[in-house]
Amino acid sequence: MQYWLMKSEPDEVSIDDVMASKDQTTPWFGVRNYQARNFMRDQMQVGDGVLFYHSSCPEPGIAGLAEIVSAPYSDASQFDAKGKYYDPKATQEQPRWISIDVKGTQKTRLLSLAEMRTIPALEEMTVLQKGSRLSITPVTPAQWKAVVKLLK
DNA sequence: GCCAACGTTGGC
DNA sequence: GCCAACGTTGGC
């Protein structure tokens with residue numbers, strides 16, 4: 001059992017979108033970074049906890065809680081020649097990118113990036129480090145606990 | 001829109 | 001395998 005922070009642009013998929021979808025579950029597709037892919041492929045397990053983070057928006061921050069509800073599977077968007085996630089080097093036989101399904105468990109108040117930076121227990125969070133851009137980052141159990149407490 | 005930081009590409 | 005050029009991310 002591990003914990004993760006996953007970034008999503010609310011213009012694309014917000015916590016509201018996730019909570020409104022069937023079974024509150026949505027496929028996480030479009031990851032095009034190897035490090036993030038490898039986390040999904042090699043480490044994520046069904047039941048892992050997810051901090052749902054809104055990025056590239058007026059108020060970036062954690063907007064909800066979610067969990068991993070599927071094993072990794074081939075990301076269909078890599079084969080869509082007209083889509084923005086198309087990868088000409090990916091083949092059906094050798095897919096390069098994967099998806100997993102994420103289930104929203106709770107929309108929370110917004111724990112803004114600015115507030116997160118004031119919390120000593122979150123100081124070491126990867127997402128708060130200078131230059132951190134990864135869309136999926138591991139969260140320690142202590143960090144998870146601290147965030148959940150702040151969101152109650 | 002700016003720009004720092006980081007990732008990827010491709011020539012050599 | 002090096003590294004310059006280019007592209008992307010994402011906060012501000």
Side-chain angles (χ1 to χ4, degrees), chain A residues 2-21 26-44 48-68 70 72-140 142-151:
Chain A
Q2 286 185 265
Y3 300 101
W4 307 94
L5 180 142
M6 298 175 77
K7 293 182 191 172
S8 180
E9 301 188 13
D11 283 352
E12 312 254 329
V13 184
S14 70
I15 185 71
D16 288 322
D17 295 331
V18 174
M19 297 311 287
S21 51
T26 192
W28 206 271
F29 62 92
V31 170
R32 293 295 179 269
N33 170 283
Y34 290 105
Q35 219 180 327
R37 180 203 67 181
N38 293 348
F39 281 140
M40 289 198 289
R41 187 188 62 192
D42 304 332
Q43 291 189 243
M44 276 187 179
D48 280 3
V50 173
L51 302 175
F52 195 100
Y53 182 93
H54 284 173
S55 70
S56 292
C57 58
E59 267 202 296
I62 294 167
L65 302 175
E67 64 176 316
I68 305 299
S70 85
Y73 57 92
S74 176
D75 177 350
S77 69
Q78 67 194 303
F79 307 120
D80 176 7
K82 298 211 176 77
K84 68 187 249 196
Y85 296 115
Y86 180 57
D87 184 343
K89 292 183 184 163
T91 63
Q92 295 284 350
E93 296 71 33
Q94 291 225 299
R96 182 182 287 206
W97 306 109
I98 56 170
S99 296
I100 42 101
D101 291 343
V102 173
K103 176 174 183 161
T105 48
Q106 191 187 346
K107 178 184 178 176
T108 64
R109 76 175 177 94
L110 184 81
L111 175 58
S112 72
L113 178 59
E115 183 179 350
M116 290 170 72
R117 291 198 190 282
T118 70
I119 312 293
L122 304 183
E123 222 173 335
E124 306 283 314
M125 270 188 92
T126 307
V127 75
L128 299 186
Q129 304 312 305
K130 190 176 178 184
S132 164
R133 297 186 314 178
L134 258 190
S135 62
I136 299 176
T137 50
V139 171
T140 68
Q143 290 161 354
W144 171 271
K145 218 177 279 182
V147 169
V148 169
K149 195 172 168 191
L150 284 163
L151 290 175

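Here the structure is a predicted model, which means the values were calculated and not measured. Each chain gets a letter, A, B and so on, in the order the sequences are listed, and its residues count up from 1.
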Those residues of residues 77-102 of chain A lying under 4.0 Å from DNA chain B by at least one heavy atom: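 Within residues 77-102 of chain A, no residue comes under 4.0 Å of DNA chain B.
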In whole angstrom, what separates A:Arg32's CZ from C:dG7's C1'?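 Atom-to-atom, A:Arg32 to C:dG7, this comes out as 16 Å.
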Spacing between A:Tyr34 atom OH and C:dT8 atom C1', to the nearest angstrom: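 After rounding, the gap between these two atoms is 15 Å.
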Side chains of [X] and [Y] in contact at under 4.5 Å (non-hydrogen atoms):
X: A:Val50; Y: A:Ile68; answer: yes
X: A:Ser77; Y: A:Arg32; answer: yes
X: A:Lys89; Y: A:Arg96; answer: yes

Please check if atom CD in A:Glu59 has more than 12 non-hydrogen atoms from other residues, nucleotides or ligands closer than 6.0 Å.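 Atom CD in A:Glu59 is not packed in, count stays at 12 or less.
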Heavy-atom count check: over 12 atoms from other residues, nucleotides or ligands less than 6.0 Å from A:Glu124 CD?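 Incorrect, the count does not exceed 12.
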Charged N-O contact under 4.0 Å between A:Glu115 and A:Arg109: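 Counted as a salt bridge, because a side-chain N and a carboxylate O are separated by less than 4.0 Å.
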Could you check whether A:Tyr73 and A:Trp28 have their ring centres less than 6.0 Å apart?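 When the ring centroids of A:Trp28 and A:Tyr73 are compared, they turn out to be at least 6.0 Å apart.
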Below 6.0 angstrom between ring centroids: does that apply to A:Phe52 and A:Trp4?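 Not close enough - the centres of the two rings lie 6.0 Å or further apart.
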Please tabulate, one pair per line, each protein N/O and nucleotide N/O from nucleotides 9-12 of chain C that are separated by under 3.5 Å, including the distance.
from   : atom 1 : to       : atom 2 : distance (Å)
C:dT9  : O3'    : A:Arg133 : O      : 3.4
C:dG10 : OP1    : A:Lys7   : NZ     : 2.8
C:dG10 : OP1    : A:Arg133 : O      : 2.6
C:dG11 : OP1    : A:Tyr53  : OH     : 2.9
C:dG11 : OP2    : A:Ser56  : N      : 3.0

